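Predicted model only: the values in this text are computed from it and were never measured. As the structure lists them, so they are numbered: ligands from 1, and atoms in each ligand from 1.
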Amino acid sequence: MSERIVVVAAALLDAGRLLAARRSAPPDLSGRWELPGGKVEPGECPEAALVRELREELGVSAEAVARVPGEWPLREPYVLRVWTARLHPASAAPEPLQDHDDLRWLTRDELWDVDWLDQDVPAVREVAGLLEAA
Ligand code: 523
């Protein structure tokens with residue numbers, strides 16, 4: 001059996017809202033919403049991978065804050081781990097530069113308005129309590 005490869009994803013929080021990103025690829029995932037992120041590269045620590053993926057995919061400067069408890073299996077050999085994250089004060093606003101075609105900042109009331117990837121749902125549930133109600 002091959003080693004697991006960690007996919008990191010960010011629950012990016014700003015002003016009590018959570019960033020959701022709509023995937024534009026591959027075809028079986030496109031149109032579904034996710035916590036943005038990607039694969040950890042060999043020798044890279046997960047928090048650094050998170051910062052890199054957020055810069056590449058969204059053009060933001062951000063940092064990991066805390067691990068969301070849990071680990072969720074993806075298609076072999078991948079496993080999903082999630083961190084809360086925040087934007088640096090001087091960061092640009094996120095833009096869908098790569099892998100996404102839409103972004104939304106969701107309040108707690110709006111959290112389930114988007115069609116999250118099934119595997120992201122438990123992590124989204126975990127961070128719901130950190131969001132503003134409106
Ligand atoms: N997921 C997933 N949820 C989630 C992410 C960031 C990724 O289920 N929040 C899945 C989707 C893919 C796999 O994890 O099957 C890898 O994510 P991907 O494609 O975003 O990783 P990248 O950006 O590192 O991929 P490359 O295009 O290969 O660089």
* To do: Please name the pair of heavy atoms, one in Ala15 and one in Glu132, separated by the smallest distance, quoted to 0.1 Å.
  => O-CG, 4.0 Å

* Asked: Taking atom CZ of Arg75 and atom CD of Gln119, what is their separation to the nearest 0.5 Å?
  -> 10.0 Å

* What pairs with Glu34 under side-chain hydrogen bond (donor to acceptor under 3.5 Å, both in side chains), at least two apart in sequence or on another chain? -> Arg23, His100

* **By side-chain hydrogen bond (donor to acceptor under 3.5 Å, both in side chains) - contacts of Arg32 (at least two apart)** => Asp115, Asp118

Below 3.5 Å only, please: the N or O atoms of ligand 1 paired with protein N or O atoms, distance on each line.
from	atom 1	to	atom 2	distance (Å)
ligand 1	3 (N)	Asp120	OD1	2.8
ligand 1	8 (O)	Gln119	NE2	2.8
ligand 1	9 (N)	Leu35	O	2.7
ligand 1	9 (N)	Asp120	OD1	3.4
ligand 1	9 (N)	Asp120	OD2	2.7
ligand 1	19 (O)	Arg23	NH2	3.2
ligand 1	20 (O)	Arg23	NH1	3.1
ligand 1	24 (O)	Lys39	N	2.8
ligand 1	24 (O)	Glu53	OE2	3.4
ligand 1	25 (O)	Lys39	NZ	3.2
ligand 1	28 (O)	Lys39	NZ	2.4

* To do: Could you pull out all residues at least two apart from Gln98 that satisfy side-chain hydrogen bond (donor to acceptor under 3.5 Å, both in side chains)?
  => none

* Start with the C-alpha gap between Trp112 and Leu106, add the side-chain angles, then the distance that decides, and say whether side-chain contact (heavy atoms from CB on, under 4.5 Å) holds. => CA-CA 9 Å; Trp112 305 107; Leu106 303 171; over 6 Å; no

